[in-house]
Amino acid sequence: GNSVTQMEGPVTLSEEAFLTINCTYTATGYPSLFWYVQYPGEGLQLLLKATKADDKGSNKGFEATYRKETTSFHLEKGSVQVSDSAVYFCALLRNTGNQFYFGTGTSLTVIP
Amino acid sequence: DAGVIQSPRHEVTEMGQEVTLRCKPISGHDYLFWYRQTMMRGLELLIYFNNNVPIDDSGMPEDRFSAKMPNASFSTLKIQPSEPRDSAVYFCASSRQDRHTEAFFGQGTRLTVV
């Protein structure tokens, strides 16, 4: 079947620290992969995406590379800011139909 | 485009009452999703539609929940009767028929059943 497994939180980092949130997936075929971010009191917003193997998605200093060999899509940022405090969701869209599969979310808190 | 619009943003109701949540998807999107988010269970897919037709409702918790999409620009999620354990944030999302395209989420409806 299709599923997404995400690193459990919560994660607490100091400002300017390096961030990694692990995400691995199980899917048939070649899904598209996404990272969403949810700020307090808001809906989920797309952060970045990658639609085929070896693609790198990037946005606002965040990056993730679609690794088919390890079925992973880890989220990284070199220097986090307080404003990055949010919940991050990894998701996949299978290549047939339009059903999205979301991970459980990882809460990130960045302290000054 | 204004994005996915949900109403109301907040709803407080008494146990046993009927609750109706509303969603207007982005114009031109073929798919509409209803999700429920709680601390305990995270983000759960309840049901999704393609071209106004329900495709998979296996996530609907029980018969008290029902969803409709009478046309391409409107969907409702109804809970009757409501119970305290239904308290959650309910999100609507829409997407195009394109395997490369993300889903766009509304701001959510925070439901509290007392």
Side-chain angles (χ1 to χ4, degrees), chain A residues 1-10 21 23 25 27-53 55 57-59 62 64 66 73 86-107, chain B residues 2-10 21 23-26 28-59 88-110 112:
Chain A
N2 299 279
S3 66
V4 174
T5 301
Q6 223 178 297
M7 181 173 104
E8 292 209 10
I21 301 178
C23 171
Y25 68 90
T28 52
Y30 302 94
S32 294
L33 301 173
F34 306 85
W35 276 102
Y36 281 81
V37 59
Q38 183 181 28
Y39 298 104
E42 298 186 12
L44 280 70
Q45 305 171 25
L46 180 71
L47 179 60
L48 53 84
K49 67 181 179 182
T51 58
K52 60 182 188 295
D55 267 4
S58 61
N59 185 25
F62 291 89
Y66 188 163
F73 193 54
V87 180
Y88 293 82
F89 292 88
C90 185
L92 75 80
L93 173 62
R94 62 185 189 185
N95 63 344
T96 55
N98 248 57
Q99 188 163 349
F100 290 83
Y101 297 83
F102 283 86
T104 52
T106 301
S107 174
Chain B
V4 176
I5 299 173
Q6 289 186 247
S7 64
R9 287 295 309 275
H10 302 274
L21 310 182
C23 175
K24 176 178 166 52
I26 292 174
H29 281 193
D30 307 286
Y31 286 83
L32 183 139
F33 308 84
W34 281 102
Y35 290 90
R36 177 172 69 176
Q37 186 178 39
T38 61
M39 289 292 292
M40 292 297 294
R41 300 170 73 96
L43 193 66
E44 304 172 273
L45 176 65
L46 301 177
I47 185 172
Y48 77 97
F49 295 82
N50 177 213
N51 292 325
N52 314 338
V53 176
I55 302 301
D56 185 351
D57 66 354
S58 59
V89 181
Y90 291 81
F91 288 104
C92 177
S94 69
S95 71
R96 293 200 324 256
Q97 176 104 25
D98 180 343
R99 64 173 290 268
H100 300 305
T101 303
E102 65 272 21
F104 293 79
F105 281 74
Q107 295 281 74
T109 295
R110 181 174 293 278
T112 304

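All heavy atoms count here, side chains included; hydrogens, waters and symmetry mates do not. Note on naming: letters A, B, ... go to the chains in the order of the sequence lines (proteins, then strands), and numbering restarts at 1 for each one. Since this is a predicted model, take the numbers as computed values, not measurements.
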Enquirer: Roughly how far apart are A/F34 CZ and B/T101 OG1, rounded to 0.5 Å?
Expert: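 Nearest 0.5 Å value for the CZ-OG1 distance: 7.5 Å.
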Enquirer: Is B/N50 in contact with chain A via its backbone, its side chain, both, or neither, using a 4.5 Å heavy-atom distance?
Expert: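 The answer is neither part of B/N50.
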Enquirer: Tell me, side chain or backbone of A/Q45 under 4.5 Å from chain B's heavy atoms, or both, or neither?
Expert: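 Neither part; nothing is under 4.5 Å.
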Enquirer: Checking A/L46 against chain B: side chain, backbone, both or neither under 4.5 Å from a heavy atom?
Expert: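 Side chain of A/L46 only, per the 4.5 Å heavy-atom cut-off to chain B.
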Enquirer: Side chain, backbone, both or neither: which part of B/R41 has an atom under 4.5 Å from a heavy atom of chain A?
Expert: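 No part of B/R41 comes within 4.5 Å of chain A.
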Enquirer: Starting from the C-alpha separation in whole Å, work towards a yes-or-no answer on side chain to side chain contact (heavy atoms under 4.5 Å, CB included) for A/Q99 and B/I55.
Expert: CA-CA 10 Å; A/Q99 188 163 349; B/I55 302 301; over 6 Å; no
Enquirer: Side chain, backbone, both or neither: which part of A/Y39 has a heavy atom under 4.5 Å from chain B?
Expert: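 Contact with chain B: none, neither part.
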Enquirer: Checking side chain to side chain contact (heavy atoms under 4.5 Å, CB included) for the pair A/Q38/B/F91: CA distance, chi angles, key distance, verdict?
Expert: CA-CA 12 Å; A/Q38 183 181 28; B/F91 288 104; 3.3 Å; yes
Enquirer: With side-chain contact (heavy atoms from CB on, under 4.5 Å) as the test, pick out the partner of B/L43 among A/T104, A/L44, A/V87.
Expert: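 The passing option is A/L44.
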Enquirer: Any chance you could measure A/F100, atom CZ, to B/F105, atom CZ, to the nearest 0.5 Å?
Expert: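 Nearest 0.5 Å value for the CZ-CZ distance: 8.0 Å.
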Enquirer: With a 4.5 angstrom heavy-atom cut-off, is it the side chain or the backbone of B/Q6 that approaches chain A, or both, or neither?
Expert: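 When you check distances to chain A, no heavy atom of B/Q6 falls under 4.5 Å.
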Enquirer: Among all residues two or more places apart in sequence or in another chain, which pass the side-chain hydrogen bond (donor to acceptor under 3.5 Å, both in side chains) test with B/E102?
Expert: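 A/K49.
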Enquirer: If I measure from the heavy atoms of chain B, does A/Y36 come under 4.5 Å with its side chain, its backbone, both, or neither?
Expert: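 For A/Y36, the contact with chain B is made by the side chain alone.
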Enquirer: Drop me the distance from B/Q37's CD to A/F102's CZ, to the nearest 0.5 angstrom.
Expert: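 So the gap between those two atoms works out to 10.0 Å.
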